[in-house]
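Report on the following structure.
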Number of protein chains: 2
Amino acid sequence: MSTAPAFKRLPRAVREQQMLDAAVKVFSRRGFHAASMDEIAEDAGISKPMVYAYLGTKEELFVACLHREGTRMMQAIAGAAAPDLPADERLWRGLKAFFGFVGAHRDGWAVLYRQARGEQPFAGELATMRARLVEVVAGMLDHALRAEGREITAVDLEVVAYALVGASESLADWLADHPEADPEKTATRMMNVAWLGAGQLLHGVTWRPPAG
Amino acid sequence: MSTAPAFKRLPRAVREQQMLDAAVKVFSRRGFHAASMDEIAEDAGISKPMVYAYLGTKEELFVACLHREGTRMMQAIAGAAAPDLPADERLWRGLKAFFGFVGAHRDGWAVLYRQARGEQPFAGELATMRARLVEVVAGMLDHALRAEGREITAVDLEVVAYALVGASESLADWLADHPEADPEKTATRMMNVAWLGAGQLLHGVTWRPPAG
DNA sequence: GCGTAACCCTACGCACGAGTAGGTATGCTC
DNA sequence: GAGCATACCTACTCGTGCGTAGGGTTACGC
C-alpha cells in the first residue's frame, strides 16, 4: 500500500494533446527561446522527461505545435471555401473562416506564427503552409480569369496572390493585438481591399508607372 | 618599442558604426538568440567588452540596429514621397523607395525585421515604426478623400492603411527571399493591388457581404 | 497471479553564452 | 614629458536551461 499518486496515468494520445496545449500556451506567452521545457512540462501537469519521450526536443515540439495549429487552420478554411463556388464567394468565405479562426485563437495561433517567421529552423515549415495558401488563392484568381477568357503571367498571378495572403496575415496580426475587434468585420475590410483591387485587375484594368 | 599592435585605435563614432554593421550581419544570419556577442565582436574586429562599453547589452544592441536601419528606411521613403504631390503619385514613389531600400538591403533589413516581430522586447519598437507608416498612408488616403468631398470612419481608414502596409511588408519579405526579383517591378505589382483597390474605395465603391 | 510493457518520476551533467573585473597601451593637452 | 582620458585587451564568473541516466509503479494480457 503506497500513498495514492496525485497524478493519473493516461494513454499516450491524451497526454500528447495536453502537452501540445501547454506548449502552445507557453510558447505564445514567452516566445520560443524564453519558453522553458520545465514550464511547459509543469503546465501540462507532467514531468519533463515525458515531454522528451513523446514529442522530442524543443525544436521538434515547436514544429509539432505549428503543425497541429496550422493543419486546424487549413481545415477551417478548406471546409468553408468549397471549390464549386464563384471566386468572390470563395474568397469571402475563406477570409471569414481565416479571420474567425485567428480571432478564436488570438493568443495561440497568431503568436506562434509570429515566432516562426523569425527563427530559421521553422521558416521552412511556415513557407510550406503559406505556399499552399498562395496556391489556393492563385488558383482561385486564375479560374476567375479563364472564365472571362483572359490570361495573366504565372509570376504576376503568384505575386498578386502573395500580396493578398500577406495583407491578410498582417490584418490577422492586427486582429490578434486588438481583442475588441470583430473578426468578421475585419474580414469584410480585407475583402474590400482585396476584391475591389483584384476585381479591377481581373477586368483588365491595370496601373502603369508614369513614364520617366 | 613594443610589437606593433594588429589593431588600430579608432574614434568611438567609427567603431560604433563598425559594431552595428557587424551586429546587423550576424543578427540577420543567425537570428537574435542564436547570435552570440562573441561572434559580433569578432566580426567587428574588436573584443567583447568594447561592444558592451559602447552599445550596452545584447538587447540594447539589437534595438540600436533596428533603430538605425529603420531610420534609414523612413528617410528613404520620406525623401521620395513629397507631401505636395497627388496621392497616387506619393504612394507610387513611396512604394518604389520602400522596395528599393529592401532590395538593396535584402540580408540586412528584412531579416532584422522578421526577428523583431517575434520577440516581445522589440515588438514595441517595431510597432512605433509601423504606426508612423500607417499614419502616413492613412493621411494620404484621407487627403485624397477630402479632395473628393467624401468621408470615411477613422477606423476604416486605419484598417485599410494597415492592410496596405501589411501587404507591402509581406511583399518585402518575398523580395528578400527572391534575389533575382526586381524591386521596381515588385513595387508596380503592389501598386496595382493597392491603388486599384484603394482607388475603388475612394470612389465610393464598397463591397458588402452577401445577406445571411 | 505473474510477466511485461507502458507510464512516470527525481535528480543530475554539462555546455553555452551574457556580462564583468581588472589591467595595459596610446595619443592628446599643457 | 607628466597627466589624463580614451581605446582596448585577456580571462574569468555564474546563471540558466536543455537533455538524460537510472529507477519506480500501475495496468493489461494470458
Side-chain angles (χ1 to χ4, degrees), chain A residues 1-23 25-65 115 118-122, chain B residues 1-23 25-65 115 118-122:
Chain A
M1 166 217 151
S2 54
T3 61
F7 53 86
K8 282 213 161 157
R9 285 171 85 89
L10 293 173
R12 175 168 184 155
V14 176
R15 278 281 189 245
E16 277 183 349
Q17 293 306 312
Q18 291 177 345
M19 288 176 189
L20 286 173
D21 290 340
K25 191 168 143 195
V26 175
F27 280 137
S28 301
R29 251 216 293 280
R30 308 251 187 249
F32 176 72
H33 270 97
S36 81
M37 292 299 267
D38 292 272
E39 185 178 355
I40 292 170
E42 189 185 340
D43 198 285
I46 213 73
S47 76
K48 202 168 43 158
M50 286 306 299
V51 182
Y52 281 90
Y54 283 177
L55 278 327
T57 71
K58 196 180 180 184
E59 282 197 4
E60 288 166 348
L61 175 60
F62 189 87
V63 170
C65 291
Q115 298 297 323
E119 316 288 331
Q120 281 97 336
F122 315 126
Chain B
M1 167 216 156
S2 54
T3 60
F7 55 87
K8 282 213 161 157
R9 286 171 83 89
L10 291 173
R12 175 167 184 154
V14 176
R15 277 281 189 245
E16 278 183 348
Q17 292 307 312
Q18 292 179 344
M19 288 175 189
L20 286 174
D21 290 342
K25 190 167 143 196
V26 175
F27 279 138
S28 301
R29 253 215 292 279
R30 308 248 188 252
F32 176 73
H33 270 97
S36 80
M37 292 298 267
D38 291 271
E39 184 177 356
I40 291 170
E42 189 185 338
D43 197 284
I46 213 73
S47 76
K48 200 167 44 157
M50 287 306 298
V51 181
Y52 279 90
Y54 284 175
L55 278 327
T57 71
K58 193 181 181 184
E59 281 197 3
E60 287 165 348
L61 175 60
F62 188 86
V63 170
C65 291
Q115 297 298 324
E119 317 286 331
Q120 281 96 340
F122 315 126

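Reminder, nothing fancy here: chain letters follow the sequence lines and each chain counts from 1. Excluded from the calculations below are hydrogen atoms, water molecules and symmetry mates; all remaining heavy atoms, backbone and side chain alike, are included.
Rounded to a whole Å, the CG atom of A/Leu10 is 11 Å from the P atom of D/dA27. Spacing between atom CG of A/Leu55 and atom P of C/dC7 amounts to 13 Å, rounded to whole angstrom units. For the pair A/Met37 CE and D/dT16 P, the interatomic distance rounds to 19 Å; values are reported in whole Å. Atoms CE (B/Met50) and P (C/dT24) sit 18 Å apart, rounded to a whole Å. Rounded to an integer number of Å, the gap from A/His33 NE2 to D/dG15 C1' is 17 Å. Summarising the geometry, the separation between CD1 on A/Ile46 and C1' on D/dT25 is reported as 14 Å, rounded to the nearest angstrom. The distance from atom CZ of A/Phe32 to atom P of D/dC18 is 9 Å, rounded to the nearest whole Å. The distance between atom NZ of A/Lys58 and atom P of D/dC18, rounded to the nearest whole Å, is 4 Å.
Between C/dC8, C/dA18, D/dG19, one nucleotide has an atom nearer to the side chain of A/Arg15 than all others, and that is C/dC8. The side chain of A/Arg9 has D/dT26 as its nearest neighbour among C/dA18, C/dC9, D/dT26. Set against D/dC18, C/dG19, C/dT10, the side chain of A/Pro49 has C/dT10 as its closest nucleotide.
Considering every non-hydrogen atom in both B/Lys58 and B/His33, the closest pair reads NZ-O, 3.3 Å. Minimum heavy-atom separation, B/Ile40 to B/Ala22: O-CB, 3.7 Å.
With B/Glu60 contributing its side chain and B/Thr57 its backbone, the two residues share a donor-acceptor pair below 3.5 Å.
Contact check, B/Tyr54 against D/dA7: a side-chain N or O comes under 4.0 Å of OP1 or OP2.
One donor-acceptor pair, N or O on each side, does fall under 3.5 Å between the base of C/dG19 and the side chain of B/Lys48. For B/Arg12 and D/dA7, a side-chain-to-base donor-acceptor distance below 3.5 Å is absent, hydrogens and geometry of angles not being considered.
As judged by a 4.0 angstrom heavy-atom cut-off over every strand, B/Ser36 is placed among residues touching the sugar-phosphate backbone only. A/Ala35 comes within contact range of the sugar-phosphate backbone alone, with a heavy-atom separation under 4.0 Å but no base atom that close.
Of the candidates A/Gln17, A/Arg15, A/Glu16, A/Leu10 forms a side-chain contact (heavy atoms from CB on, under 4.5 Å) with just one, namely A/Arg15.
The neighbour count for B/Glu42 CD, taken as heavy atoms of other residues, nucleotides or ligands under 6.0 Å away, does not exceed 12.
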